[in-house]
*Asks:* 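Starting off with a structure, shown below.
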Amino acid sequence: MGNSTIPNTFGLSVTADNFLTFTTVPQLRTILNELRQPFIVVGEASNILFTTKHYKGTVLRSGITGYEFTEDGPDILVTAGSGVHWDDFVAEVVRRNLWGAENLSYIPGTVGASAVQNIGAYGAEAKDIIHTVQAIEIATGDKRIFSCEECQYAYRSSIFKHELANSYVIISVTYRLSRTPRPNLTYKPLAEAFDNKANPSLDEIRNTVIQIRRSKLPEPSEIGSAGSFFMNPVITIDEYEKLKKIYPDIPHYEVEDPKNHCITGIKTPAAWLIDHAGLKGFSIGGASVHLTQPLVLINRSGTATSDDIIALSSHVIDTVKNMYNITLRPEVIFV
């Protein structure tokens, strides 16, 4: 039995029986043919909390890299290996003057993880640009191509996180990007940064997004975290109206059914709820709620344990529930 160290952005000391990286599909098929339960597939473990110091199984990671660019009418289909670092992908398509991914700049993780998690930020989500997802079925080794619709994308969710969890390994993702400028400035701080400038460039948008993220979020290389720990809760309109009477300044965003174009709920920022519950800087053991962005739980001491982070997460959830009658759900996956 091995004792392989597992890199993770929380900076926790974690090992596993085996840690295997595949760089080709034939290599992956060979590994899957010999793989025994339990196992987990990770990207950069940037959205994972290992709950024990040692994972009794195999941790499998994609090292498939490279790009393919295909003309498709006015658009370009860009296929990237699942092991490509996400922000490297964004930098590459911005360099090629292709629009669609720029608002998702500087998000940690990999291309493969973008398709599992449906990453999102600043008014954009991965599903907005994902065309197809290529994956290998673990049980058979067969390749399957999923359309964006088949991936069943929702807020930080996909079929790969639920019905097909641990059934497929993603090998590449194809994104539909545009040569035509289409700035997405729906996110208020981004719009304010350009002061309603009509035509910001790709580089300007990317650099501004990075600047905003750096001002709010800790650098994983300096302070361990998994980025946003909690999802923004969606409540009913009635629940929002009751809260608004008590907290008139509570931020809110209407959630619209894209098919019926009707309002189905109200999204309230988890960061605001945590902040106004007085939890900024609150610590348990070596883990803390980040002072600048309370949506982030950090390994403040550098020696925090998974138990510290779990206890802190539970305390935040309980406090918010007691104060607002809203239950926060972790975005981070507990393993």
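Any value given below was found using the heavy atoms of this structure, including those in side chains, with hydrogens, waters and symmetry copies removed.
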*Asks:* Decide whether Ile310 and Val289 are clustered together by the hydrophobic rule: side chain heavy atoms of Ile, Leu, Val, Met, Phe, Trp, Tyr closer than 4.5 Å, transitively.
*Replies:*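 Yes.
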
*Asks:* Can His162 and Ser157 be counted as having a side-chain donor-acceptor contact under 3.5 angstrom?
*Replies:*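 Per modelled atom types, His162 and Ser157 side chains form a pair under 3.5 Å.
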
*Asks:* Sequence neighbours left out, what pairs pass side chain to side chain donor-acceptor pair (under 3.5 Å) with at least one residue falling in residues 30-41?
*Replies:*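 Output for this query is empty, none listed.
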
*Asks:* Run the ring-ring contact (aromatic ring centres under 6.0 Å, His included) test against His315 and tell me which residues pass, sequence neighbours left out.
*Replies:*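 With neighbours one apart ignored, the set is Phe282.
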
*Asks:* Can you name the ring-ring contact (aromatic ring centres under 6.0 Å, His included) partners of Trp99, sequence neighbours left out?
*Replies:*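 Per chain and number, Trp99 pairs via ring-ring contact (aromatic ring centres under 6.0 Å, His included) with no residue.
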
*Asks:* Going by an N to O cut-off under 4.0 Å, is there a salt bridge joining Glu239 and Lys242?
*Replies:*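 Result for this pair is no, no salt bridge flagged.
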
*Asks:* Just verifying a value: how many Å separate Gln27 CD and Thr21 OG1, rounded to the nearest 0.5 Å?
*Replies:*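 The OG1 atom of Thr21 is 8.5 Å from CD of Gln27, to the nearest 0.5 Å.
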
*Asks:* With sequence neighbours excluded, give me every salt bridge (Lys or Arg N to Asp or Glu O under 4.0 Å) pair touching residues 325-335.
*Replies:*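 Listed once each, the pairs are Arg156-Glu331.
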
*Asks:* Of all residues at least two apart in sequence or in a different chain, which pass the salt bridge (Lys or Arg N to Asp or Glu O under 4.0 Å) check with Glu71?
*Replies:*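 So Glu71 forms a salt bridge (Lys or Arg N to Asp or Glu O under 4.0 Å) with Arg179.
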
*Asks:* Which residues satisfy the ring-ring contact (aromatic ring centres under 6.0 Å, His included) test with Phe89, sequence neighbours excluded?
*Replies:*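 Trp86, Tyr175.
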
*Asks:* According to side-chain contact (heavy atoms from CB on, under 4.5 Å), who are the partners of Ala135, at least two apart in sequence or on a separate chain?
*Replies:*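 With sequence neighbours excluded, Ala135 shows a side-chain contact (heavy atoms from CB on, under 4.5 Å) to Phe146, Tyr168, Ile170, given in chain and number order.
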
*Asks:* I want to check something: taking the side chain as every heavy atom from C-beta on, are Asp75 and Leu177 in contact at a cut-off of under 4.5 Å?
*Replies:*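 Contact flag for Asp75/Leu177 side chains = no.
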
*Asks:* In terms of hydrophobic clusters joined by side-chain contacts under 4.5 Å, are Leu295 and Ile119 together?
*Replies:*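 In one cluster: no.
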
*Asks:* Side chains of residues 320-327: which donor-acceptor pairs under 3.5 Å do they make with residues two or more places apart or in other chains?
*Replies:*
from   : atom 1 : to     : atom 2 : distance (Å)
Lys321 : NZ     : Asn325 : OD1    : 3.1
Lys321 : NZ     : Thr327 : OG1    : 3.4
Asn322 : ND2    : Asp318 : O      : 3.1
Tyr324 : OH     : Leu273 : O      : 3.1

*Asks:* Give me the other members of the hydrophobic cluster that Ile210 sits in, counting Ile, Leu, Val, Met, Phe, Trp and Tyr linked by side-chain heavy atoms under 4.5 Å, directly or via other members.
*Replies:*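 Members besides Ile210, by chain and number: Tyr106.
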
*Asks:* Please identify each residue that fulfils salt bridge (Lys or Arg N to Asp or Glu O under 4.0 Å) with Asp72, with sequence neighbours left out.
*Replies:*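 Per chain and number, Asp72 pairs via salt bridge (Lys or Arg N to Asp or Glu O under 4.0 Å) with Arg176.
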
*Asks:* If you define the side chain from C-beta out and look only at heavy atoms, does anything of Val335 sit under 4.5 Å from Thr52?
*Replies:*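 No, their side chains stay 4.5 Å or more apart.
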
*Asks:* Given 3.5 Å as the limit, does a donor-acceptor pair link the side chain of Thr65 with the main chain of Val84, or not?
*Replies:*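 It does not hold such a pair.
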
*Asks:* If the threshold is 4.0 Å, N to carboxylate O, is there a salt bridge linking Glu241 and Lys245?
*Replies:*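 Looking at Glu241 and Lys245, the cut-off is not met.
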
*Asks:* Would you find a donor on one side and an acceptor on the other, under 3.5 Å apart, between the side chain of Thr208 and the backbone of Glu204?
*Replies:*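 Confirmed, Thr208 side chain pairs with Glu204 backbone.
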
*Asks:* Is it possible for you to say whether Val296 and Ile223 belong to one hydrophobic cluster, with membership spreading through side-chain heavy-atom contacts below 4.5 Å?
*Replies:*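 Both belong to a single hydrophobic cluster.
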
*Asks:* Evaluate the side-chain proximity of Val169 to Phe22: yes if any heavy-atom separation is below 4.5 Å, no if none is.
*Replies:*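 Heavy-atom side-chain distance check passes, below 4.5 Å.
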
*Asks:* Between Asn184 and Thr186, is any side-chain donor less than 3.5 angstrom from a side-chain acceptor?
*Replies:*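 The criterion, which ignores hydrogens and geometry beyond distance, is satisfied for Thr186 and Asn184.
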
*Asks:* Donor-acceptor pair, distance only, cut-off 3.5 Å: does the side chain of Thr174 make one with the backbone of Thr79?
*Replies:*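 The answer is no, because no donor-acceptor pair under 3.5 Å joins these two groups.
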
*Asks:* What I want to check is whether the side chains of Gln211 and Ser215 have a donor and an acceptor closer together than 3.5 Å.
*Replies:*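 The answer is no; no qualifying pair exists.
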
*Asks:* Quick one: does any side-chain atom of Gln117 pair with a main-chain N or O of Ser114 as donor and acceptor, under 3.5 Å?
*Replies:*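 Judged by distance alone, no pair lies under 3.5 Å.
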
*Asks:* List for me each residue that meets side-chain contact (heavy atoms from CB on, under 4.5 Å) alongside Lys143, sequence neighbours excluded, and say none if there are none.
*Replies:*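 Checked Lys143 against side-chain contact (heavy atoms from CB on, under 4.5 Å); matches are Arg29, Gln134, Ile136, Ile145, Ile171.
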
*Asks:* Using side-chain contact (heavy atoms from CB on, under 4.5 Å) as the criterion, list what pairs up with Leu12, not counting sequence neighbours.
*Replies:*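 Only Asn8, Phe10, Val14, Leu49, Asn299, Ser306, Ile309 meet the side-chain contact (heavy atoms from CB on, under 4.5 Å) criterion with Leu12.
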
*Asks:* Compute whether any side-chain donor of one residue and acceptor of the other, for Thr140 and Glu137, lie under 3.5 angstrom apart.
*Replies:*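 Yes, a side-chain donor-acceptor pair sits under 3.5 Å.
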
*Asks:* Is a donor from one side chain sitting under 3.5 angstrom from an acceptor on the other, for Asp17 and His54?
*Replies:*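 Result is yes, a qualifying pair exists.
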
